[in-house]
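The next block holds one structure in the form of structure tokens; read it before the comments.
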Amino acid sequence: MIRSLMTVAALAAVTGLAACATPSNPALMTVPATPGLTVSTGDTGYKSVATVNVSGGSTTNPLWTAQVSNADFKTALEASLDAAGYLGSSGSPITVDAALVELKQPLMGLDMSVTSEVRYIVTRDGHALFNEIVAATGTATLGEAFSGVERLKKANEKSIKENISEFLRRFRERAH
């Protein structure tokens, strides 16, 4: 009987340490205005992105693992495009389609690294200006979050932020 009570108490303590998965934070996935990633008047795409479509994301199940939803990814991508000088209604409208192809997540670990693969297709007047899969990795350490669930969420956010940053860099290079 005492052994059973000790087992139940130990399980309750471990369960208390476990955290529920929470959705990603778009603000932590947003790339701020950054030299080398921003455009200015006269550059291709300046204030021309009128439509942003996102697909492939998943809603976080609190009982499972942290994911990146379409809505959160779209909010971060739009804010990043705005900070870089692309979002607006000047000139011929540009559409950005971003499909989250894969979010490679570890099952466990002290330092957790997540790799995101996103296919970005940028079109203007039916012509593709950019069509590539961008992969980027984000890592969260034990020092950043004790809970594995929280570390995974942070790694997701860092991966998406790095992915958007790499997309902006590549798109800017192709547009010049």
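Because the structure is a prediction, the values reported are computed rather than measured. Side-chain atoms are counted along with the backbone in the values below, which use heavy atoms only and exclude waters and symmetry mates.
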So, does S48 use its side chain to make a donor-acceptor pair with the main chain of P93 at under 3.5 Å?
-> no

Is there a side-chain contact between V134 and F171, using heavy atoms and a 4.5 Å cut-off?
-> no

For L37 and Y86, the nearest pair of non-hydrogen atoms, with its separation, is O-CE1, 4.1 Å

Counterpart residues, side-chain hydrogen bond (donor to acceptor under 3.5 Å, both in side chains), relative to T65 (two or more places apart) | Q67

How many angstroms lie between CZ in F73 and CG in N156, if you round to the nearest 0.5 Å?
-> 12.0 Å

side-chain contact (heavy atoms from CB on, under 4.5 Å) partners for T51, two or more places apart | N53, T95

Taking every heavy atom of R172 against every heavy atom of T38, the minimum-distance pair comes out as NE-O, 2.8 Å

Residues which pass salt bridge (Lys or Arg N to Asp or Glu O under 4.0 Å) with K158, listed by chain and number, not counting sequence neighbours | E144

Tabulate below the donor-acceptor pairs under 3.5 Å that side-chain atoms of residues 108-118 make, not counting sequence neighbours, or state none.
from	atom 1	to	atom 2	distance (Å)
D111	OD1	L142	N	3.4
S113	OG	T139	OG1	2.6
T115	OG1	T137	OG1	2.9
S116	OG	S159	O	3.3
S116	OG	S159	OG	2.8
S116	OG	N163	ND2	3.2
E117	OE2	K104	NZ	3.1

Residue set satisfying side-chain hydrogen bond (donor to acceptor under 3.5 Å, both in side chains) with S92, at least two apart, ordered chain then number -> D125

Taking a hydrophobic cluster as the set of Ile, Leu, Val, Met, Phe, Trp and Tyr residues connected by side-chain heavy atoms closer than 4.5 Å, whether directly or through intermediates, do I121 and L168 fall within one such cluster?
-> no

Which residues share a side-chain hydrogen bond (donor to acceptor under 3.5 Å, both in side chains) with E78, sequence neighbours left out = none

Would you give me the side-chain donor-acceptor pairs under 3.5 Å for residues 22-30, sequence neighbours excluded?
from	atom 1	to	atom 2	distance (Å)
S24	OG	D72	OD2	3.3
N25	OD1	A27	N	2.9
T30	OG1	P26	O	2.8

Under the salt bridge (Lys or Arg N to Asp or Glu O under 4.0 Å) test, which residues partner R119, sequence neighbours left out?
-> none

Taking it one step at a time, do V122 and V49 satisfy side-chain contact (heavy atoms from CB on, under 4.5 Å)?
-> CA-CA 9 Å; V122 181; V49 174; 5.9 Å; no

Measure the OG1-CD1 distance between T123 and I94 for me, rounded to the nearest 0.5 Å.
-> 8.5 Å

Option from I160, I164, L77, L81 for which side-chain contact (heavy atoms from CB on, under 4.5 Å) with V31 holds = I164

Just jot down the side-chain hydrogen bond (donor to acceptor under 3.5 Å, both in side chains) partners of E132, sequence neighbours excluded, or say none.
-> R170, R174

Under the ring pair (Phe, Tyr, Trp, His ring centres under 6.0 Å) test, residues paired with Y46 that sit two or more places apart = none

Are D97 and S55 side-chain neighbours, meaning at least one heavy-atom pair lies under 4.5 Å?
-> no

For the student: nearest non-hydrogen atoms of P106 and L152, plus distance | CD-CD1, 4.0 Å

Only counting residues at least two apart or in another chain, list the ones meeting side-chain contact (heavy atoms from CB on, under 4.5 Å) with P32.
-> T34, K161

